[in-house]
2 protein chains.
Amino acid sequence: MTRERSIPEAALPRLALYLRVLGELTENGAERVSSDELASATGVNSAKLRKDLSYIGSNGTRGVGYEIAPLMHALEGTLGLTQNRSVALVGIGNLGHALVGYSGFAERGFRISALFDVDPDLVGIPIGGIVVEHTRRIPEVCPERGVTIGVVATPGQAAQGACDLLVDAGVRCILNFAPVVLQVPSEVDVRKVDLAVELQILSFHASQHGPGTLPRVVNR
Amino acid sequence: MTRERSIPEAALPRLALYLRVLGELTENGAERVSSDELASATGVNSAKLRKDLSYIGSNGTRGVGYEIAPLMHALEGTLGLTQNRSVALVGIGNLGHALVGYSGFAERGFRISALFDVDPDLVGIPIGGIVVEHTRRIPEVCPERGVTIGVVATPGQAAQGACDLLVDAGVRCILNFAPVVLQVPSEVDVRKVDLAVELQILSFHASQHGPGTLPRVVNR
DNA sequence: AGCCGCATGTGAACGCAGGCACAAAATAGC
DNA sequence: GCTATTTTGTGCCTGCGTTCACATGCGGCT
């Protein structure tokens with residue numbers, strides 16, 4: 001029962017990163033790790049790493065390092081991964097299909113337990129073992145299956161409608177891939193992944209790097 | 001020739017957002033917009049928005065607002081979108097296929113001009129009009145086609161190798177979907193999209209919201 | 001059993017980003 | 001032509017996140 005309410009938002013992606021890398025270290029047979037080792041493996045400053053871990057009340061041992069197994073448990077507990085989370089996916093297009101097939105979710109304890117689309121050719125068809133339901137059934141199906149996280153992978157025009165249905169269904173955490181700004185009540189938490197924006201940011205940096213130069217082959 | 005080197009990193013995703021929303025406003029027939037209007041349409045504080053726009057040396061008219069067309073040109077110029085950017089995609093799995101079919105890239109001037117995979121069943125097959133090449137041909141094909149941005153959508157184990165080949169090919173901007181920390185020379189810019197991490201962050205917030213409660217149906 | 005060395009945990013300073021509030025500027029009206 | 005109104009552009013302040021550096025505490029060695 002660690003009542004640490006004060007984990008900086010900026011630290012959360014790093015905590016997830018530490019968890020993943022610790023898993024890899026375990027597979028390689030490691031049992032302990034120092035902050036410097038984990039820092040270089042994750043590309044994070046070691047002081048920042050130690051501070052991040054201190055947020056979750058975790059205890060390493062001075063002069064020794066961190067015991068990997070309990071540290072991973074602490075991270076999983078903090079990130080809420082101990083309770084297997086049920087995910088609903090709305091919009092079974094190209095991206096939706098890819099998400100259903102993505103193994104990384106199951107590896108972290110996320111189970112896609114409901115699929116929704118408006119396409120009559122899709123409704124009723126099982127994909128990855130789950131039968132696609134019509135989007136209008138979101139408020140009915142999601143509570144039945146204990147959905148806590150909704151993923152919106154619809155085209156832009158349909159995204160707000162899908163989001164509204166999810167909110168009606170009691171879903172308070174939404175991951176949005178559609179290129180629109182979703183309007184939600186304040187108690188709902190939305191994260192946005194916009195692939196075009198990512199490319200535009202890279203494009204900006206490409207312009208800054210070598211203004212007006214063609215890519216050049218580096219001799220190895 | 002705006003030599004404004006000092007655009008805060010945090011402003012870049014917002015600039016891309018403004019650009020997209022301005023495009024939507026144009027489709028609706030608007031020609032001018034005030035910072036307050038654009039701010040509420042994007043969910044950004046209006047002072048922050050004006051500051052963001054001031055970074056790109058853009059000039060609105062006091063008392064009137066911003067002329068949409070020149071503002072969009074300024075944004076496109078700053079983000080480097082005026083030069084049509086050529087993108088290489090490595091790893092044609094589920095996600096790779098979805099990315100090839102994603103229309104949002106072309107809408108922003110990004111052209112996927114090269115596909116790579118190691119699967120002999122894929123090499124030689126055209127997908128979306130582009131023939132898949134073997135990954136080993138990256139250093140040869142990318143310079144030919146003027147690739148400036150590389151997208152890594154391989155499984156985790158293959159990602160570093162794909163990345164190294166892209167770097168050898170002179171690609172200095174990489175978007176990485178694989179759940180690994182890529183090691184690159186300092187002049188190369190990597191952005192990371194990790195879907196599992198996004199879900200874990202939401203999971204954390206779900207735990208914080210209503211600790212230990214099942215989702216509840218909100219009566220509408 | 002006591003001391004030495006080493007890695008953690010954290011206090012403090014720094015830098016960046018966000019937000020308020022106002023001055024500057026440009027148009028419209030008189 | 002002058003004034004009032006409106007909206008931009010920005011100086012300043014506040015708060016958060018990152019980094020440095022050091023004190024703290026634990027295990028190992030003799």
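Below, read A as the first sequence line, B as the second, and so on, with proteins coming before strands; counting in each chain starts at 1. Predicted model only: the values in this text are computed from it and were never measured.
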Could I get the full list of side-chain contact (heavy atoms from CB on, under 4.5 Å) partners for [X], not counting sequence neighbours?
X        : value
B:Asn45  : B:Ala47, B:Lys48
B:Val181 : A:Leu17, A:Arg20, B:Gln183
A:Thr135 : A:Val90, A:Phe116, A:Val118, A:Ile138, A:Leu165
A:Ala41  : A:Val21

Sorted by chain and number, sequence neighbours left out, side chain to side chain donor-acceptor pair (under 3.5 Å) with A:Asn59 holds for none

In B/S/- notation (B base, S sugar-phosphate only, - none; protein heavy atoms under 4.0 Å), nucleotides 13-24 of chain D written 5' to 3' is ----SSBBB--B

Side chains of residues 152-159 of chain A: which donor-acceptor pairs under 3.5 Å do they make with residues two or more places apart or in other chains?
| residue | atom | partner | partner atom | Å |
| --- | --- | --- | --- | --- |
| A:Thr154 | OG1 | A:Ala159 | N | 3.3 |

*asked:* With a 4.0 Å cutoff (strictly under), does any side-chain N or O of B:Tyr66 reach OP1 or OP2 of D:dG9?
replied: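 So the side-chain polar atoms of B:Tyr66 do come within 4.0 Å of the phosphate oxygens OP1 or OP2 of D:dG9, strictly under.
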
All N/O donor-acceptor pairs, side-chain side in residues 92-108 of chain B, below 3.5 Å, sequence neighbours left out:
| residue | atom | partner | partner atom | Å |
| --- | --- | --- | --- | --- |
| B:His97 | ND1 | B:Gly93 | O | 3.0 |

So the salt bridge (charged side-chain N to carboxylate O under 4.0 Å, His left out) pairs with at least one residue in residues 51-68 of chain A (sequence neighbours excluded) are A:Arg14-A:Asp52

5'-most to 3'-most nt of DNA chain C touching chain A (<4.0 Å, heavy-atom partner on protein side) reads C:dC6 to C:dA12

The correct set of residues in residues 26-44 of chain B placing a heavy atom under 4.0 Å from DNA chain D is B:Ser34, B:Ser35

Atom CG of B:Leu49 and atom P of D:dT8 are separated, to the nearest Å, by 9 Å

Original post:
What distance do B:Leu19 atom CG and A:Gln200 atom CD have between them, rounded to the nearest 0.5 Å?
Top reply: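 Rounded to the nearest 0.5 Å, the CG-CD separation comes to 6.0 Å.
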
In short, side chain to side chain donor-acceptor pair (under 3.5 Å) pairs touching residues 24-39 of chain B with sequence neighbours left out are B:Ser35-B:Arg50, B:Asp36-B:Ser46

